[in-house]
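Report on one structure; see the data block that follows.
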Amino acid sequence: MYTFSSKLKTLSFILMAVGILGIGFGFYSAPKDIHEVETLLAAESHGAHGESASHGEAHSSEGEHVQTAGHAATEADAAAKHEEHLTHVLHELQNKPWAALYVACIFFMLLSMGVLAFYAIQQVAQAGWSPVLFRVMQGITAYLPWGSVIFFIILILCGLHFNHLFIWLDPEVVAHDPLIANKAGYLNFPFWIVRAAIFLIGWNLYRFYSAKNCLAQDEANDDLFYKKNFNISAMFLVFFIVTESIMSWDWIMSIDPHWYSTLFGWYVFASFFVSGITMIAMVTVYLKSRGFLEYVNTSHIHDLAKFMFGISIFWTYLWFSQFMLIWYANIPEEITYFITRIQLYNLPFFGAVVMNFVFPLLILVNTDFKRITWVIVMAGVVILAGHYIDFFNMIMPGTVGDKWFIGIPEIASVLFFLGLFVFVVFTALTKAPLLPKRNPYIEESKHFHY
């Protein structure tokens, strides 16, 4: 039985404590009204020597008239536009700590979801190499209920207008935007939150019963519980493939409600799926280094690394396919999605490609490297960080615009959820033996060699 290291437990508590403080600071430091925003903008523009703002709006000195398209606007119109701009900036700055929390929350929740999908695939495929890793996978998926509850609370707070992450939740925006209004039959809070509840409950029910059956199989005299797991895993994968796509539209793509991509569900799936597999490899390597998982050998690590490499290439294929087709077609309402990210998020946008494709390609293409522990850890850290950046790129432009920065709220949110993740996962690993001894393929898995 694995015992939770006191040092690791302490580390998880420290991460959560630092994360809570940083998240609190992010909310505390966000501006409360447009007067604070005006002060901030004035401070930023101080010393700019009359340069125009990035949005192309001319800021006149007090008492002057604003000139637009060669026509003199009245002072009332200028004041109204100025106030509208300040309100928009206020929403972006107030969204910043919320968006940081949202990105970290959904990333860790979907990471555990990726592990659950991988586990279900192993069950349905009746894979002979992976049963010695099943308890590691179940330990990681133990985070899913915790992540689901926190995420669902955030969704409810979005619906209660605690933030402006989803502009289609604002009745005033919908009233003045015909395109969003046409989607109101689907994008409305009651239907949206019910869908979220169905998805999260369905995923967690599978996680609960699959883990329960796997543990029951250890004490059984036949393979009944294994067969039950096979059946529910097959049903779950059908449920998952549908709900995963809808989830990606609801929770990520609808942040930019004027834009859509038919590849988006697959793209999001590839991102959290490779993150989940990478986390399996990282936890496995850690437990192995502590003297546990005696039957896990370099061939098991090699196969995990192959999946890390292969799904990284799959993610890149989807990234390029989505980008290239939209960029080449050059349809204004589609291309604006990438123009925003290239112009305002240039470093994280292209940096994610380097971290999620170039680096894994160069490191993990070598067969020998796939068996070296420090290489797996190094590649794993880069892949996980890269896919966090990928989620950052998907969510931040539609919520904070050009006001993005990886600062205290963003780092603190990652630290909090990382600490919670470590605590929940390694606590779960202490609850059951790390070897599912009665799995029909356990002997094959013990002696697996590639």
Looking only at heavy atoms, the pair that brings Gly185 and Asn188 closest together is O-ND2, 3.1 Å

Can you confirm whether the side chains of Asn204 and Ser148 place a donor and an acceptor under 3.5 Å from each other? yes

Checklist entry - Hey, do the aromatic rings of Trp249 and Tyr260 have their centres closer than 6.0 Å? => result no

Of all heavy-atom pairs linking Ile376 and Ala305, the shortest is CD1-CB, 3.6 Å

message = With heavy-atom distances below 4.5 Å as the criterion, would you say the side chains of Asn356 and Ser312 are in contact?
response = no

Within a radius of less than 6.0 Å around CZ of Phe369, do more than 12 heavy atoms belonging to other residues, nucleotides or ligands occur?
-> no

dist Leu110:CG -> Trp203:CH2 (nearest 0.5 Å) comes out at 6.0 Å

Query raised in the report: Do Phe273 and Phe269 have their ring centres less than 6.0 Å from each other?
Result: yes

If you define the side chain from C-beta out and look only at heavy atoms, does anything of Ser254 sit under 4.5 Å from Phe166? yes

dist Phe107:CZ -> Phe417:CZ (nearest 0.5 Å) comes out at 12.5 Å

- Item | Side chains of Asn229 and Asn213, donor plus acceptor under 3.5 Å | yes

Exercise. Taking it one step at a time, do Asp368 and Val375 satisfy side chain to side chain contact (heavy atoms under 4.5 Å, CB included)?
Worked result: CA-CA 10 Å; Asp368 294 332; Val375 172; over 6 Å; no

### Flag side-chain contact, heavy atom, 4.5 Å: Ile180 against Leu187
no

Are Lys9 and Phe426 in a cation-pi contact, defined as NZ or CZ under 6.0 Å from the six-membered ring centre and within 45° of the axis? no

Smallest heavy-atom separation, Ser130 atom then Ala127 atom, equals OG-CB, 3.6 Å

message: Looking at Phe405, I want to see if its CZ is surrounded by more than 12 non-hydrogen atoms of other residues, nucleotides or ligands under 6.0 Å.
response: no

Which is it for Trp146 and Phe421 under the side chain to side chain contact (heavy atoms under 4.5 Å, CB included) test, yes or no, and what are the steps along the way?
-> CA-CA 9 Å; Trp146 292 78; Phe421 182 86; over 6 Å; no

Side chain of Asn163, backbone of Asn95: donor and acceptor closer than 3.5 Å? no

- Step-by-step side chain to side chain contact (heavy atoms under 4.5 Å, CB included) determination, Leu133 to Gln138: CA-CA 9 Å; Leu133 300 172; Gln138 289 164 4; over 6 Å; no

Just checking Trp266: does its CH2 atom have more than 12 heavy atoms from other residues, nucleotides or ligands closer to it than 6.0 angstrom? no

Between Trp98 and Tyr102 (judged by ring centroids, cut-off 6.0 Å), do the two rings come close enough to count as a pair? no

Lys446 atom NZ, over 12 foreign heavy atoms within 6.0 Å:
yes

In this structure, CE of Met253 is separated from OG of Ser245 (nearest 0.5 Å) by 9.5 Å

Fill in: Cationic N near anionic O, under 4.0 Å, Lys96 to Glu410
yes

**Request:** Could you walk me through whether Asp390 and Tyr267 pass the side chain to side chain donor-acceptor pair (under 3.5 Å) test, one step at a time?
**Result:** CA-CA 10 Å; Asp390 187 30; Tyr267 177 79; 2.5 Å; yes

| message | Between Arg371 and Asp303, does any side-chain N to carboxylate O distance fall below 4.0 Å? | response | no

Is the cationic atom of Arg195 (NZ for Lys, CZ for Arg) positioned less than 6.0 Å from the six-membered ring centroid of Phe191 and within 45 degrees of its normal? yes

For the aromatic rings, using the six-membered ring if either is Trp, is the centroid distance between Tyr441 and Trp129 under 6.0 Å? no

Q. Taking side chain as C-beta onward, heavy atoms only, is Val103 less than 4.5 Å from Ser413?
A. no

So for atom CD, which belongs to Glu333, do other residues, nucleotides or ligands contribute more than 12 heavy atoms lying within a distance under 6.0 Å? yes

To the nearest 0.5 Å, atom CE of Met279 lies from atom CG of Leu111 at 5.0 Å

Residues Ile280 and Val136: closest non-hydrogen pair is O-CG1, 4.1 Å

**Request:** Kindly indicate, with the supporting measurements, whether the criterion side chain to side chain donor-acceptor pair (under 3.5 Å) is fulfilled by His258 and Asp177.
**Result:** CA-CA 10 Å; His258 296 108; Asp177 193 320; 2.6 Å; yes

Next item on the list: Establish, from distance only, whether the side-chain atoms of Glu172 and His176 form a donor-acceptor pair under 3.5 Å.
Entry: no

| Is a side-chain donor or acceptor of Lys370 paired with a backbone partner of Ile301 at a separation under 3.5 angstrom? | no

Problem - Donor-acceptor under 3.5 Å (Gln94 side chain, Pro31 main chain) - result: yes

**Aromatic ring proximity, centroids under 6.0 angstrom, Trp315 and His387** = yes

Q. Quick one: does Leu435's side chain get under 4.5 Å of Arg135's, heavy atoms only?
A. no

Do Leu384 and Tyr388 touch side chain to side chain, with heavy atoms closer than 4.5 Å?
-> no

Are Phe264 and Ser248 packed together at the side-chain level, in the sense that at least one heavy-atom pair is separated by less than 4.5 angstrom?
yes

| task | Say whether, by atom type as modelled, one donor and one acceptor occur between the side chain of His91 and the main chain of His88 under 3.5 angstrom. | result | no

One should read off an interatomic distance between Lys227 NZ and Ile232 CD1, to the nearest 0.5 angstrom, of 15.0 Å

Could you give me the CA-CA distance, side-chain angles and deciding distance for Leu364 and Phe359, then say whether side chain to side chain contact (heavy atoms under 4.5 Å, CB included) is met? CA-CA 8 Å; Leu364 295 178; Phe359 188 83; over 6 Å; no

Tightest non-hydrogen contact, residues Ile150 and Cys105, listed as CG2-SG, 3.9 Å

- prompt: Do Ile252 and Ile106 come close enough that some side-chain heavy atom pair is under 4.5 Å?
  reply: yes

ring-ring contact (aromatic ring centres under 6.0 Å, His included) with Trp192: of Phe199, Trp168, Tyr186, only one passes, and it is Trp168

dist Asn393:CG -> Trp319:CH2 (nearest 0.5 Å) comes out at 10.0 Å

Of all heavy-atom pairs linking Cys158 and Leu169, the shortest is O-CD1, 3.6 Å

Only one of Tyr209, Phe230, Tyr119, Tyr206 passes ring-ring contact (aromatic ring centres under 6.0 Å, His included) with Phe236, and that residue is Tyr206

For residues 252-278, the salt bridge (Lys or Arg N to Asp or Glu O under 4.0 Å) pairs (sequence neighbours left out) are Asp256-Arg341

Report yes if the distance between the aromatic ring centroids of Phe118 and Phe307 is under 6.0 Å, otherwise no. yes

Task: Backbone of Glu92 reached by a side-chain donor or acceptor of Lys403 within 3.5 Å - done: no

For this session: Indicate whether any N or O donor in one side chain lies under 3.5 Å from an N or O acceptor in the other, for Trp404 and Thr399.
Result: no

>> Tell me whether Tyr317 at atom OH has more than 12 heavy atoms from other residues, nucleotides or ligands lying less than 6.0 Å away.
In response: no

Notebook entry, point to check: Does Val132 offer a backbone N or O that forms a donor-acceptor pair with the side chain of Ser445 under 3.5 Å?
Noted result: yes

